[in-house]
Amino acid sequence: MAATFGAFTGSLFRLTRRPGYNRPFMFPVVGLLAGITAYMIFHVLASTTGAPAWLLPLLVVLQVWLWLGPLGPKIKPLETKGEPRR
C-alpha cells in the first residue's frame with residue numbers, strides 16, 4: 001500500500017508542475033520507488049524504536065517530495081520547432 005500511495009502522490013506531484021515537460025511517466029515511477037523506500041525506513045524504525053503507524057504516510061510524502069523536488073532530476077522543457085537550443 002505504501003508503494004501505491006507513493007505512485008499516487010507522485011502523480012499528484014506531476015499536476016503541480018508546469019505543462020510541457022518531458023517524461024510525465026517518471027513521476028508515478030519515482031513515487032512508487034519512494035513508497036517502497038519509505039516502507040523500508042518505516043519497517044526499520046518500527047522494529048527498533050516502535051514508531052507509530054501514522055509515520056508511514058508522512059515518510060512516503062516526504063520521500064516523494066524530496067526525490068521529485070529538491071533532490072530530484074532536473075527536467076528540461078520540451079523544445080518547440082523554430083526555437084534554437086540554449
Side-chain angles (χ1 to χ4, degrees):
M1 286 188 71
T4 304
F5 183 62
F8 176 70
T9 307
S11 297
L12 288 180
F13 198 90
R14 168 72 176 114
L15 295 176
T16 64
R17 293 283 189 178
R18 289 177 287 172
Y21 282 89
N22 290 327
R23 300 184 291 174
F25 186 65
M26 177 192 67
F27 289 87
V29 170
V30 170
L32 180 80
L33 295 174
I36 293 169
T37 304
Y39 176 73
M40 287 188 232
I41 292 170
F42 173 75
H43 184 69
V44 168
L45 286 175
S47 64
T48 58
T49 64
W54 57 264
L55 187 62
L56 180 58
L58 186 68
L59 283 173
V60 170
V61 170
L62 183 65
Q63 284 288 100
V64 171
W65 176 76
L66 282 174
W67 288 11
L68 290 176
L71 299 179
K74 305 303 176 213
I75 302 171
K76 297 178 184 176
L78 288 172
E79 294 180 13
T80 57
K81 293 182 180 180
E83 291 186 18
R85 283 187 159 189
R86 293 181 190 185

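The structure displayed is predicted, hence computed values, not measured ones. In what follows, residues are counted from 1 in the order of the sequence shown.
For the pair Val64/Val30, no side-chain contact is recorded, criterion being any heavy-atom separation below 4.5 Å from C-beta on. Looking at heavy atoms from C-beta onward, Leu56 lies out of side-chain contact with Phe5 at the 4.5 angstrom threshold.
Hydrophobic clustering keeps Met1 apart from Leu32 (ILVMFWY residues linked when any side-chain heavy atoms are closer than 4.5 Å, directly or through intermediates).
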Distance-only check: which donor-acceptor pairs under 3.5 Å involve side-chain atoms of residues 33-44, not counting sequence neighbours?
residue, atom, partner, partner atom, Å
Thr37, OG1, Leu33, O, 2.9

